[in-house]
Amino acid sequence: MTSTDPSRPHPAWLPPEAFRAIGAHHTLVYGDGTLVDTVYDEVGRARARYGGTVRRLSGQATEPERAGADETPADLVLALAPTGSPPAGGALPAEVGSELGAEVAGLGPEGFALARRGGVTVLLAAAPAGLLYGLFHLVRLGPAAFGADRPVEAHRPALRLRLVSHWDNLDVHPVMGQVERGYAGGSIFWRDGAPAGDPERIRAYARLLAACGMNAMTVNNVNVHGTATRLLTDRLDDVAAIADLVRPYGIRVHLSVNFAAPVSLGELPTADPLDERVRAWWAKAAGRLYEAIPDFGGFMVKADSEGQPGPYRYRRDHADGANMLADALAPFGGVVHWRAFVYNHRQDWRDRSTDRARAAYDHFTPLDGRFRDNVILQVKHGPIDFQVREPVSPVLTAMPNTRLALEVQATQEYTGQQRHVCYLGPYWSEVLRFAPWGPGRPTVASLVAGPADDGDGAPAGNGGGASAGGGGLVVVSNVGDDHYWTGHPLAQANLYAVGRLAWAPDLDPVAVLDEWIDLTFPASATGDPDSEPGAGSDGEPGIGSDGELGTEPDSGSDRKPDADRETLRGTLHALMDDSWRTYERYTAPLGVGFMVAPGHHYGPDVDGYEYSRWGTYHFADRDGVGVDRTRASGTGFTGQYPQPWSDRYESLADCPDNLLLFFHHVPYRHVLRSGATVVQHIYDTHFAGVDQVARMRRRWDRIGGSGLVDAALHARVADRLAEQQRCAEEWRDQVNTYFLRKSGVPDAHGRRIH
Ligand code: GCU
């Protein structure tokens with residue numbers, strides 16, 4: 001990787017080198033519109049650096065715009081074909097044009113089709129957004145887009161709404177700071193109540209989001225405090241300014257709103273969603289918003305959750321609340337993301353009958369079919385709160401007449417706070433591929449894609465709101481104003497991966513990591529400008545449960561560029577591929593969750609939440625551990641799942657080991673499906689997890705000073721790995737000691753436990 005200017009944001013997956021292949025060719029861009037302008041500008045910058053040319057033919061302009069030595073025939077054609085018929089003339093080979101034209105007609109506004117014939121690469125899209133996503137697809141392909149012929153390939157996003165939710169506060173919150181659960185510095189949007197004042201960074205961010213496939217974002221925290229309420233009214237210009245910056249990259253701005261805004265702003269005595277004055281107030285607010293931001297996306301609402309205001313105060317339900325806002329936005333085409341994260345956060349820990357895991361289902365499933373078409377119910381992927389291991393939320397399976405969005409968390413609140421390496425692609429991939437009705441039936445990805453996009457057929461009963469299409473994916477951002485965007489440079493991969501998986505949920509997350517590596521650490525920077533990004537990395541060593549971490553780097557002065565690339569790629573895979581499972585090994589065991597320090601949620605505190613009001617307990621005593629959520633003897637949560645999972649989770653014998661303590665309270669000597677006892681499993685995984693972190697650290701140290709990555713980046717990662725190891729050891733020692741003392745069962749291998 002080339003050194004980067006520390007005073008400017010790190011280029012992440014879009015360093016100039018990523019455009020080398022495109023910039024070295026002769027490009028023709030056909031079409032009009034803001035996003036086509038963006039495509040033209042991107043190619044223009046690349047060609048200025050790498051010696052190619054670019055011409056543009058506009059539907060309106062009679063004379064082509066030209067840049068570079070423009071008489072050279074184009075070998076890359078990027079063309080809009082709104083009616084499916086490609087533009088005539090120019091460099092577009094007629095036969096390829098009509099083949100691709102037939103494809104794009106069915107690919108929607110973001111899709112594109114691509115082929116290479118006779119030395120010309122052609123990319124067609126029906127709408128400008130498709131052309132932009134196509135351009136970034138070519139960036140990922142690199143030289144492979146310009147080699148041998150390529151057959152026609154068609155691409156479209158599986159999920160239409162792909163939104164990044166920023167928990168950025170306008171004012172600095174006394175406890176949560178400028179970004180709630182932010183681990184990467186301040187906000188890129190706000191500083192001390194005012195705009196952050198770095199428009200270039202916002203533009204660069206939109207570009208990164210588009211390049212990984214996201215198309216929307218909220219710019220403020222779901223907990224709407226103080227000044228943030230006024231983004232709707234007298235601070236609207238600040239939102240419009242952000243929208244202007246991100247629009248050229250196809251990103252629509254949404255706002256988190258305070259349900260009680262009419263009251264908080266002192267304009268009405270009530271926020272009752274059925275009160276005509278309230279309805280008129282929101283309709284007017286929406287009108288103002290669309291005047292300022294014609295492509296405004298809509299509202300995100302956290303209502304009646306963790307102290308936020310909502311419709312309950314007026315004896316109305318979530319459908320009343322969400323529909324009122326939906327009606328205000330409907331004339332303009334906006335949507336309401338209404339969060340399903342609703343539970344009793346003032347629970348008495350003595351009360352064993354209340355189960356937080358049940359709450360979202362109990363609150364929302366009776367409302368299925370009552371939400372407007374432009375309401376999206378936003379459901380956290382698990383029933384509790386972004387723990388390192390949770391089952392998929394059963395709400396996703398039980399609301400066939402509601403548009404559903406899956407919410408995941410890139411900010412690593414419970415997964416190491418961007419001080420630990422924790423690549424979450426494999427987790428999200430597992431969730432998206434999970435088939436709640438069993439193999440061959442719809443997956444979570446198809447449920448949030450909605451019936452219109454689901455080639456596999458929707459589960460019985462789909463209709464109503466859901467027929468308007470799925471709600472897609474929402475990810476809580478992990479970005480701040482840190483040089484590397486994400487604090488830990490390797491945490492960039494989480495943002496990249498979530499976009500790619502929202503676009504194509506069946507992608508292999510390790511292959512996605514390869515894409516990220518090749519883009520972020522381009523070949524030219526490791527001494528091999530001609531090597532082909534994307535060339536096979538199959539068979540790279542990851543971290544086996546107890547294996548070593550691949551090969552030594554070749555530190556000799558006559559080393560080969562290819563070997564350098566393989567060393568770097570191998571190192572990054574060794575650190576990252578299995579890092580989510582590694583984190584799981586040294587933290588809360590077998591799906592039981594939490595055991596984190598209260599409040600900030602970093603590091604271990606086994607009983608930290610045990611006698612609290614938050615509803616997150618592990619119930620360890622001298623005999624055993626875990627939460628009985630069975631129908632037979634527990635809270636009945638297993639009954640919220642359809643078959644076969646309802647019975648699998650219910651059964652002690654069939655429940656997957658990694659979720660055993662989520663669903664069952666078992667004795668310490670209970671034998672897992674793996675053959676180990678629960679307590680021995682806890683000891684073993686905690687020792688193994690720490691050993692893995694130590695190996696990751698040694699592996700990273702070995703490439704120090706090699707020039708394979710920028711020295712500053714190397715140092716940042718090395719520092720964080722040291723902290724990860726310290727913290728992992730603390731987790732290991734506290735968890736193992738706790739269970740040794742509770743159970744009195746010694747470690748079968750006689751290792752040191754305190
Ligand atoms: C977690 C997190 C909060 C956040 C909440 C939410 O509970 O700790 O900071 O506000 O999730 O998703 O709304």
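Whatever order the structure lists ligands and atoms in, that order sets their numbers, starting from 1. Atom set for the values below is all heavy atoms of this structure, side chains included, hydrogens, waters and symmetry mates excluded.
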Handout entry: Salt bridge Asp719-Arg419, side-chain N to carboxylate O under 4.0 Å
Key = no
Practice task
Would you please write out the protein residues whose heavy atoms approach any atom of ligand 1 to under 4.0 angstrom, listed by chain and number?
Solution key: Trp167, Glu180, Arg181, Val222, Asn223, Lys302, Glu306, Arg339, Phe341, Lys380, Asp385, Glu413, Tyr414, His601
Problem - Val375 to Arg403 - nearest heavy-atom pair and separation - result: O-CB, 3.5 Å
Practice task
Answer with yes or no after comparing the ring centroid distance for Tyr427 and Tyr423 against a 6.0 Å cut-off, counting only values under it.
Solution key: no
Practice task
Would you please say whether a donor-acceptor pair under 3.5 Å links the side chains of Ser353 and Asp351?
Solution key: yes
Exercise for the section: Verify the distance criterion only: is there a donor paired with an acceptor across the side chains of Asn478 and Thr486 at less than 3.5 Å? Expected result: no
Practice task
Assert yes or no for the condition that the ring centre distance of His601 to Phe386 is strictly below 6.0 Å.
Solution key: no
